[in-house]
Amino acid sequence: MRAEELAAASTRKRGARISRRDVLSVARDLFERQGYEGTTTDDIAAGARITKRSLYRHFGSKEQLLYELHDGFLGDLLAAVENLSGSPEERLRSVVGSHIGNLREHGRDVKVFYEEVKHVGSARQGDLLRRQQAYERAVVEILRDGVESGDFTVADPQLAAKAILGGLTDCYRWFDTSDTGNAGAIADELNRLILHGVEPPGQPGTPVRLTPQLASALQARATTAGESPVDRIVTAATHLFSTRGYHSTTTQQIADRAGITKGALYYHVKYKEEILVQIMRNLLDRYLSILDLGRTLDLPVPQRIASYIIGQTYAISLDREAVAVLIEEQKYLPEDMAPEIDEKERFAYSVFQQSLVEGTTSGVLDPVDLRVANLFMTGMVTFAYRWYQPGDGLDVSDLGVRFAELALHGVRTRPRRRQGSSRKR
């Protein structure tokens, strides 16, 4: 037998021993490192040490691998809510616990899926959406039961469910899945935040509203796409990167969408990576400008936090495609530019954190885990770029107010504020 025949036979024998999960793990590692479009089925077969024919026999396509990475996580979530019993609070606690437990098991799968979901075909996306909606309906039912029993105060259970599940799922971006002993503590802290918010429980919550001053300041910061060639290039690339992915987008496609020649594009930008950096830089600069409002308006801590959340919601509604690029395409940042983007994100985190520290130190906020609170509240709002559609009947300012109410008050019913009373912070 020739050497190549021996090698093929050896590969077939190893392939018989490898599990479906092993192949999925190899695909996930490659998608995470190289991106979905940058990974070939040859790469996956070689990494799993099976033949390409065997790979296709078991999975059918590369897209099926990506689909199944999320299918396992989603299947476990649905199974966890099928037979819940107990009070609305007990059932909600169970949902949070199982969600974080499943993120611990599937965290990297979830990360890869959400970064690459644009490459899943419409039929499979439709199937996943139906199952996601079934999971969401289970949480909506819990919240509605809590409202009927008087345990919860939630103006819009469906919106609250989207916010809660968005914040929980966004934990994949920061939750350390290797620290298996920490999952229970994280789930407990998230339950505390979802039920009670960051204001001390047992007290009336701070009223949340979009003040004319904040509304005017936000409107002043609303920017429209410029008409310069560079602006048109960035706008065109933002749409293409968010819908097709960075790797799948060519400079010719960017030039065509921007209405210029490829030669003119290269006159204004040297590399495609330069456009990617500019998209992220523009987005974060606009977001930091909006965050700065909370500091310049000299608000008490709870209202300041509300202004941050309303402002963040406003920023995301204006730049949903840019947010998608920031979250999903960071793996393609040039090494020498990644620190700049990381520093801007850390600064945004620190602005929020300073107010949380000030609030807990002064006693106007509950002494929660400030890191978890910061990341969960930010993630709850950020994840909305995946489902919020301006013009679908929910005004962005109302959405921001609802997010802020959930962050400050949680869903647990609080005592009513006495008529005419106010608390100074």
Side-chain angles (χ1 to χ4, degrees), residues 28 31-32 66-81 84 91-118 120 124-125 127-140 142-143 157-177 179 182-184 186-195 242 309 312-313 316 320 323-324 326-328 330 371-389 399 402-403 406-407 410-411:
R28 177 203 61 209
F31 293 161
E32 186 175 24
L66 182 57
Y67 170 85
E68 290 196 24
L69 284 175
H70 195 56
D71 185 59
F73 172 65
L74 193 52
D76 287 350
L77 291 180
L78 283 168
V81 298
L84 289 178
R91 286 149 58 201
L92 185 57
R93 286 182 178 276
S94 293
V95 167
V96 174
S98 65
H99 201 107
I100 295 304
N102 278 303
L103 270 185
R104 182 192 63 202
E105 297 296 323
H106 301 283
R108 291 179 63 205
D109 297 348
V110 174
K111 175 181 183 293
V112 167
F113 175 80
Y114 277 114
E115 288 181 355
E116 305 292 348
V117 65
K118 62 177 73 68
V120 175
R124 287 188 173 96
Q125 285 212 28
D127 176 61
L128 290 173
L129 179 61
R130 285 188 291 273
R131 300 177 74 197
Q132 288 168 347
Q133 289 172 337
Y135 182 52
E136 183 182 302
R137 284 196 298 272
V139 178
V140 171
I142 292 170
L143 295 174
Q158 186 168 11
L159 177 57
K162 286 183 179 294
I164 291 167
L165 294 179
L168 290 176
T169 302
D170 194 74
C171 290
Y172 81 81
R173 295 201 295 135
W174 56 268
F175 179 44
D176 183 3
T177 57
D179 187 359
N182 196 36
I186 294 293
D188 289 344
E189 194 60 36
L190 290 170
N191 265 312
R192 182 180 180 182
L193 288 166
I194 291 166
L195 287 165
S242 68
I309 292 172
Q312 183 188 1
T313 307
I316 287 171
R320 286 178 303 130
V323 175
L326 176 69
I327 292 175
E328 298 168 16
Q330 281 207 34
R371 175 177 175 271
V372 173
N374 190 338
L375 293 169
F376 175 73
M377 289 188 288
T378 301
M380 175 180 69
V381 180
T382 301
F383 202 81
Y385 87 90
R386 296 188 182 275
W387 57 265
Y388 176 65
Q389 294 289 334
L399 178 64
R402 293 285 179 255
F403 280 147
L406 184 58
V411 300

Open item on the list: Tell me which one of Val117, Val110, Val112 satisfies side chain to side chain contact (heavy atoms under 4.5 Å, CB included) with Leu69.
Closed with: Val112
TODO: May I ask you to decide if the ring planes of Phe73 and His99 are parallel, tilted or perpendicular, using 30° and 60° as cut-offs?
DONE: perpendicular
Open item on the list: Counting C-beta onward and ignoring hydrogens, is there a side-chain heavy-atom pair between Leu78 and Arg131 closer than 4.5 Å?
Closed with: yes
Open item on the list: Can you tell me how far apart CG (Asn102) and CG (Leu74) are? Round to the nearest 0.5 Å.
Closed with: 10.0 Å
Task: Lys/Arg-Asp/Glu bridge criterion (N-O < 4.0 Å) met for Glu189, Arg371 - done: no
Task: Minimal non-hydrogen separation, Arg108 against Glu32, with atom names - done: NH2-OE1, 2.7 Å
TODO: Give the intermediate values and the outcome of side chain to side chain contact (heavy atoms under 4.5 Å, CB included) for residues Leu66 and Arg124.
DONE: CA-CA 10 Å; Leu66 182 57; Arg124 287 188 173 96; over 6 Å; no
Task: Val81 to Ala138 - nearest heavy-atom pair and separation - done: CG2-CB, 3.9 Å
TODO: Could you tell me the separation between the CD1 atom of Ile327 and the OG atom of Ser242, rounded to the nearest 0.5 Å?
DONE: 12.0 Å
TODO: Would you please classify the geometry between the His70 ring and the Phe113 ring as parallel, tilted or perpendicular, with 30° and 60° separating the classes?
DONE: parallel
Open item on the list: As a quick check of understanding, evaluate ring pair (Phe, Tyr, Trp, His ring centres under 6.0 Å) for Tyr172 and His106, giving each step before the final call.
Closed with: CA-CA 9 Å; Tyr172 81 81; His106 301 283; over 10 Å; no
Open item on the list: Would you compute the distance between atom OG1 of Thr313 and atom CZ of Phe403 and round it to the nearest 0.5 angstrom?
Closed with: 5.5 Å
Task: Atom of Gly379, atom of Asp170 and distance for their closest heavy-atom approach - done: CA-OD2, 3.1 Å
Open item on the list: Let me confirm one number: the OG-CG distance from Ser94 to Asn191, rounded to the nearest 0.5 Å.
Closed with: 8.5 Å
Open item on the list: Which heavy atom of Gly166 sits nearest to which heavy atom of Phe383, and what is that distance?
Closed with: CA-CD2, 3.4 Å
TODO: To the nearest 0.5 angstrom, please state how far the CD1 atom of Ile100 sits from the OG1 atom of Thr169.
DONE: 8.5 Å
- [ ] Check Leu190 against Phe376 and note the closest heavy-atom contact, atom names and distance.
- [x] CD2-CD1, 3.5 Å
- [ ] Side-chain contact test, heavy atoms from C-beta onward, threshold under 4.5 Å: evaluate it for Ile164 versus Val411 and give yes or no.
- [x] yes
Task: Steps toward side chain to side chain contact (heavy atoms under 4.5 Å, CB included) verdict (Met380, Leu406) - done: CA-CA 10 Å; Met380 175 180 69; Leu406 184 58; 3.6 Å; yes
Open item on the list: Measuring from atom CD of Gln125 to atom CD of Gln132, what distance do you get when rounded to the nearest 0.5 angstrom?
Closed with: 9.0 Å
TODO: Any chance you could lay out the side chain to side chain contact (heavy atoms under 4.5 Å, CB included) test for Gln389 and Arg320, step after step, and finish with the verdict?
DONE: CA-CA 9 Å; Gln389 294 289 334; Arg320 286 178 303 130; 3.4 Å; yes
Open item on the list: A side-chain contact here means heavy atoms from C-beta on lying under 4.5 Å apart; do Leu195 and Arg93 qualify?
Closed with: yes
Open item on the list: If we count only N and O atoms by modelled type, under 3.5 Å, do the side chains of Thr382 and Gln312 hold a donor and an acceptor together?
Closed with: yes
Open item on the list: If you apply the rule side chain to side chain contact (heavy atoms under 4.5 Å, CB included), what do you find for Ile316 with Tyr388, and how did you get there?
Closed with: CA-CA 9 Å; Ile316 287 171; Tyr388 176 65; over 6 Å; no
- [ ] Taking all non-hydrogen atoms of both residues into account, name the closest pair between Glu136 and Leu165 and its distance.
- [x] CA-CD1, 3.8 Å
